[in-house]
Amino acid sequence: MGGDLLVKNGRIVTPWSVREADILIRDGVIERVGRDLNADGAEVLDARGLLILPGGVDEHVHMREPGLTHKEDFASGTMAAAAGGITTILEMPNTVPPVESVRELRRKRELLRERAYVDFGLYGVLHDGNVDELAGMWEEGAAGFKVFLGPTTGNLPAPSDSTLYEAMALAARHGFTLAFHAENRGLVEYFTEKVRGEGRRDYEAHADSRPSICEEEAVSRLMIFARRTGAKTLIVHVSARETVELLREAKARGLKVWGETCPHYLLLTREAHKKYGSLVKVNPPLRDEEDRRSLWKALKDDVIRTIGSDHAPHTPEEKSGDIWNAQAGFIGVETILPIMLDAALRGVISIRKVVSLISYWPSRIFGLYPRKGSLEVGGDGDLVIIDPGAETRIVAERLHSKHKLTPFDGLSLRGKIRYTVLRGRVVAEDGEVVEEKPMGEPVSPLRR
Ligand code: NCD
Ligand code: ZN
């Protein structure tokens, strides 16, 4: 189910250029890109003065369905994505039950396909007991696999080093990508006990219970495994400057080890706990100004390749109260692109870099390119159309998630998302979802 749409007179943005061009989408697929195209019966959208980017690909969301739908569900979560210019999401597997087998992968996909307002891929999980399932799940269309090395929402058992090695060797053989929550479990447990034992109850105690050595150790171990196996390795939610240095080294050595960071690590530090308390409790924790700066520098140097939201909703009750009992994570899929556009329109990074971080690299890393995250002829007609002269004010109440706790409430940003187009159909306009029926479809990596 795709639409026919001609977008005229806009400026199209790719990782390499910004230029004036029309885009003709036919049956949901980009048919032509060029000057003075004719509609031939397609609907016409005049984009004079507007920027046209490939739809965003958010490789890191937790939409909580099945099993945790009191936090979020697939309809509300994908509506939030559509309103925020994200046309493809990769959904994390720490739902209930976890996506640990071919059976669960199929079940989750069938459950979600009727409820998706954007296209979606599904991660399987690797834990200590299911390495034998990976090849089958990959065959069945999994987008990749998530590995939780440290304790976090869902408390899935981290794989042993031998399981990890086996999984990474399989990844190299089959060509799938592994995405890592990289924190050393033993160290997290040690520091948590220590800091709790001191009787601390202040909000920043969470940050001290998971210091950056936890992340640094896990990432350096993964680099060894990646070098020895050749597995495609994505370190998600990079928070620490030490990790940035490791990724710099990985890049210099030509390893297939990539980093993702998130808007909260770029905008906030642990100081934010003073204002937001446990709302900004997240794993890994918010860190220091020096870390924050090193992440921005890593974006400029192409050392961090992608930005994901780590959209991780919880109810207000689950987020409130004691720092030790509050759940980790908060929403973000609807604000990731507006926040990065603002950075571009203020001149902090280029608009081409935004496309590279939010569309191009996530698609590349997960084998979705050029069907997703590109404006190439033959790719899906997924676009986000932006007015660079207008402004956006983030108002939590207007977001589409079930629960609207966000540290970005009230932010004023440059630029405004006017339209989100999914396979040739306008699915959101000026922050509202306009497509009545969910038309999202499952996507799988291209095999080679
Ligand atoms: C995530 C969640 O709640 O699912 N929470 C978080 O703090 N980031 C899990 C995770 O990605 O670690
Ligand atoms: Zn994580």
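For ligands, and for the atoms within them, numbers begin at 1 and follow the listed sequence. Scope of the values below: all heavy atoms of this structure, side chains included, with no hydrogens, waters or symmetry mates.
For atom 7 (O) of ligand 1, the closest heavy atom belonging to the protein is N283 N, 2.9 Å. Atom 4 (O) of ligand 1 has R64 NH1, 2.8 Å as its closest protein atom, hydrogens excluded (heavy atom only). Distance from atom 2 (C) of ligand 1 to its nearest protein heavy atom, with residue and atom name: T153 OG1, 3.1 Å. The shortest contact between atom 5 (N) of ligand 1 and any protein heavy atom is with A328 O, 3.1 Å. Ranking protein heavy atoms by distance to atom 11 (O) of ligand 1, first place goes to H62 NE2, 3.3 Å.
Checking F366, F180, F148 one by one against Y123, the ring pair (Phe, Tyr, Trp, His ring centres under 6.0 Å) holds for a single residue, F366. Looking at E133, K146, E100 one by one, the single match for side-chain hydrogen bond (donor to acceptor under 3.5 Å, both in side chains) with H127 turns out to be E100.
E104 has a carboxylate O that lies under 4.0 Å from a charged side-chain N of R107, or vice versa, which qualifies the two as a salt bridge. Residues K251 and D301 are not paired through a salt bridge, judged by the lack of any N-O separation under 4.0 Å between the basic side chain and the carboxylate.
Listed by chain and residue number, the protein N/O/S atoms under 2.8 Å of the Zn ion (ligand 2) are H181 ND1, H237 NE2, with waters left out.
When non-hydrogen atoms are compared, ligand 1 lies under 4.0 Å from the backbone of V282 as well as from its side chain. Only the side chain of H314 comes within 4.0 Å of ligand 1, counting heavy atoms alone; its backbone N, CA, C and O stay farther away. With a 4.0 Å heavy-atom cut-off, ligand 1 is reached by the side chain of D310 but not by its N, CA, C or O. Residue contacts with ligand 1 for H237 involve side-chain atoms from C-beta outward but no N, CA, C or O (heavy atoms, distance under 4.0 Å). Contact annotation for H264 and ligand 1: no heavy atom of the residue comes within less than 4.0 Å of the ligand.
Taking the ring axis of W361 as reference, the NZ or CZ atom of R364 stays within 45° of it and closer than 6.0 Å to the ring centre. For R305 and W258, the positive end is not near the middle of the six-membered ring at less than 6.0 Å and at most 45° from its axis.
Between the side chain of K274 and the main chain of Y203, no donor-acceptor pair closer than 3.5 Å is present. Distance alone, capped at 3.5 Å, places no donor-acceptor pair between the S76 side chain and the H400 backbone.
Between the side chains of T163 and D128, at least one donor N or O sits under 3.5 Å from an acceptor N or O. Side-chain contact of S239 with R287: a donor-acceptor pair under 3.5 Å is present, judged by distance alone.
The distance from atom CZ of R106 to atom OG of S101, rounded to the nearest 0.5 Å, is 9.5 Å.
For H181 and H237, the distance between ring centers is under 6.0 angstrom.
Of all atoms in ligand 1, numbered sequentially from 1 with element shown, those under 4.0 Å from a heavy atom of N94 are 4 (O). When each atom of ligand 1 is checked for a heavy atom of T152 under 4.0 Å away, the hits are 5 (N), 9 (C), 10 (C), 12 (O).
Under a 4.0 Å heavy-atom criterion, K71 is not in contact with ligand 1.
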